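Here's the structure, in structure tokens; my notes come after.
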Amino acid sequence: MNPENMIGLVFILLGIWQFVAFFKTFRAFRKHTINGTSGFAPYAFWSGLIYAFIFLGMGISMIFNELTEFLSGL
């Protein structure tokens, strides 16, 4: 297994962990939300979901060597 595949696997694991953290926090927020909750909390949830997709996309593309070829040309 080459280093690009290992790094890709790490990114996929980070993406899965980010999905789990997003859903856990979102469920807790919906269950325990109060009037004093910040109005910016939904933005934090959505940014966490976007990071999860970015990590998964980077991991998959690194495993399939598309991102590494792109980065080597820079």
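Values in this document were obtained by computation on a predicted structure and should not be read as measured data.
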ask   = Under the 3.5 angstrom rule, does the side chain of T25 hit a backbone N or O of F22 as a donor-acceptor pair?
value = no
Closest non-hydrogen atom pair, E4 against M62 = O-CB, 3.9 Å
Under 3.5 Å, which donor-acceptor pairs link side chains of residues 42-49 to any protein atom two or more places apart or in another chain?
from: S47; atom 1: OG; to: Y43; atom 2: O; distance (Å): 3.3
from: S47; atom 1: OG; to: A44; atom 2: O; distance (Å): 2.9

request  = Please confirm whether F53 and F19 have ring centers closer than 6.0 angstrom.
outcome  = yes
query = In chain order, what residues pass the side-chain contact (heavy atoms from CB on, under 4.5 Å) check against I12, with sequence neighbours excluded?
reply = I16, L56, I60, I63
ask   = Which atoms form the tightest heavy-atom contact between A41 and F29, and what is the distance?
value = CB-CE1, 3.9 Å
note = dist I7:CD1 -> L14:CG (nearest 0.5 Å) comes out at 12.0 Å
key: Spacing of CZ belonging to F55 relative to CD belonging to Q18, to within rounding of 0.5 Å   = 6.5 Å
query = Is there a chain of hydrophobic side chains (I, L, V, M, F, W, Y, each step under 4.5 Å between heavy atoms) that links W17 to V10?
reply = no
